[in-house]
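Below: the structure, in structure tokens.
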Amino acid sequence: MKKLFLLIFILFITGCMNYTELNDLAIIKSIGIEYNHDYFIYAEIMEDIDKDNIPKTKVIKASGKNMDELFNNIKLLVNKEIYLDHIDLLILDENLNKENFDEIIIYFLNYQELRNDFYTIIGNNIENILNNAKYDEIEKMIINNNLKIIKISFEEIISKYLDHKIFNLSKIIYNDGIQFDGNYQYRNNKLERINHEKN
Amino acid sequence: MNYLNELKKDFNNFQDLIIKEIIYDNNIINVISIETITTSTNINDFILRNIVHIKTQNIKEYLYNYLPCISIKEVNNYDDIINLLVSGFTIILINNKDILAIETILNLSRGIEKTDCEKSVTGPKDSFNEHFNTNVGLIRKRIKSNKLKLETINIGKYTNTKVGIMFVENIYKPKLKDNIINKLQKIDIDGIIDSAYLKKYLTDSKSVFPTIKETERPDLASQSLLEGKIIIITDNSPNILILPSFFIDFFHTSDDYYQKHVNITFIRIIRLIAFLISILLPAYYIAITTYNVNFIPINLLVNFIAQRMSVPFPSFIEAGIMIISFEILRESDTRIPSTSGTAISILGGLVLGDAGVAAGILSPIMIIVIAISMISSLIFQSPEIINAIRYYRFMIILLASIFGLYGIFLGIILIISNLSNTNTDEKDYLYPFAPLSIIGQKDAFIKTNSNILLRNPLLTDNHIRGVK
């Protein structure tokens, strides 16, 4: 009798802490971060799936003074829990300096349920890029070997940044279609443009 | 004592009792029988016709030696008269002193028919029926040896059912048979209606998994006898019991020995996969979509979200509704008369399928998951295993909806510990896995084509087949 009581008691004190309903998740596919006296974030959230099995996405914009406030503001806008486990792409602005890099890297390192193996590129006017790109178009351009875009994941960036080594990133712009626009290198605490041949 | 008056008093309000009085030369001969369980043509042809030719005064000697009946016996006391009368014998009372009993039992059973529940593709298709002698005969015509023994015992105060135990003498272990007979002799019950009544008294284990196998096929019974098992045949019951039965026996059918060994290995592995799917699949789906969402790739995740948008219930309640409706459908399917069978199954399919999804109560993926799980459990022939699977399926769903994937592993550990704890007649249930025997694996899930076939060493000392 005591054993039964103990067993039922144990079943009830767990509290169902990790229980999430599927409809309460906001699945984020790509993030774009820029800094202009304040952090701005553009998040591409997956919504629905079409008849031809093509997903529909929408872009949400939020601002804040540091990274925590940024993600909190997204949560308030969308009214769902943020689900960062499926991020495919991170777009950074070309004007980010050392403090911005520090804060972004520290936030993504400490986030629990995040795998840092998404691609990273640089972009200008990120809202335009994310609104006009088709589904998976940027990722397909990165994987395509003919275009010579540098394929680097955020994990490599973190390890090279913390070892004070240099790393290269590519840039894309939107000009009637997504186009490749040159390579950048991180040295002297900021991103500088380099030529094609030196690569 | 005056047998005739006692009989008339005891069989008061018993309209089927017939008493015929024959008077010959100051001797009174009474022929007594119960009309509904004796064949009157037999009595007329073999008894009454020959009583006419009596010429001596020593009537009992004459009838005992010259009546053309092969089973005729002398009776001495009154209780035996009653027992023989209600079993279908005809009693001849000579001058209220000498008593003879002649067997004239009417065969009230159906003939030998095709198997109903355990079908086979190739292989014999006859099945046991409710007559004791037919069942024993079907086994004796397959094992034609004088080492196949039969012992009988009568159980039940009002029914007095004949229960027979068969075994092969060079192969069985005598201790097992003595255990069984001891247990059967201690039974004190009003009546045995079916062989399943005996199952409760024959096992000690309280586990959900069955330890005694029931079958209606004579070829399976003969195969089990040649492996060293003991079978129990009950009068008025078409199912016979085979003990002891291990866990692996419920994954074997008698068809397995009639086809090539490679194909049979494949089918046995599929049965194992069906067993695992029917227990674990609904719980796995619930755990993945509520607690461990990281396992699903992104396109499938968006698909699930789109499907679950319209459902107001959490996953556990949705699964509960589906499982209960499926069980109701399955139970009503066995009870419905065949005239209205198709209409009801169409209704069930419509309700659980399209209408539920269109009304916004169920999601299509949950219907698929539960339907696959239910159909996989129907691959087994024994209803006891299907009930055990249903019990554990529900328990694991409960654990998964509280703890997630961790709960599923807890449930698996519980099932394995329950399985290892059962024992059939003091032998381990999980042979050849739990006391691991490499030689025993040759016929467990993988079937090999070896020339020397071995018997189960737990059941017999006589290991090698073909040796007496």
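Chain letters run A, B, ... following the sequence lines, proteins first, then strands; residues in each count from 1. Please read all numbers here as calculations on a predicted model, not as lab measurements.
Pairing each heavy atom of B/L301 with each of A/Y83, the nearest pair is CD2-CE2, 4.0 Å. The shortest heavy-atom contact between B/M309 and A/N23 is CA-ND2, 3.3 Å.
Within 6.0 Å of the OH atom in A/Y111, the count of heavy atoms belonging to other residues, nucleotides or ligands exceeds 12. Residue A/Y174 qualifies as enclosed at atom OH: its count of foreign heavy atoms under 6.0 Å is above 12. Taking a 6.0 Å sphere around CZ of B/F445, one finds it holds more than 12 heavy atoms contributed by other residues, nucleotides or ligands. For B/F409, the CZ atom is loosely surrounded, since the number of other residues' heavy atoms within 6.0 Å does not exceed 12. For B/F295, the CZ atom is loosely surrounded, since the number of other residues' heavy atoms within 6.0 Å does not exceed 12. Shown here is A/N144, whose CG atom has more than 12 heavy atoms of other residues, nucleotides or ligands within 6.0 Å. In this structure, A/Y107 places its OH atom where more than 12 heavy-atom neighbours from other residues, nucleotides or ligands lie under 6.0 Å away.
For a residue to count as touching a neighbouring chain, one of its non-hydrogen atoms must lie under 4.5 Å from one of that chain's; by this rule A/D85 touches chain B with the side chain only. Both the backbone and the side chain of B/P314 come within contact range of chain A, with heavy atoms under 4.5 Å apart. Using a 4.5 Å cut-off between heavy atoms, B/I296 contacts chain A through its backbone alone, with no side-chain atom that close.
Without hydrogens or angle criteria, B/T290 side chain to A/T20 main chain gives no donor-acceptor distance under 3.5 Å.
Note: B/N294 CG to A/H86 NE2 = 8.0 Å, rounded to the nearest 0.5 Å. A distance of 6.5 Å separates CG in A/D88 from CD1 in B/I298, rounded to the nearest 0.5 Å. The distance from the CG atom of A/L22 to the CD1 atom of B/I288 is 10.5 Å, given to the nearest 0.5 Å.
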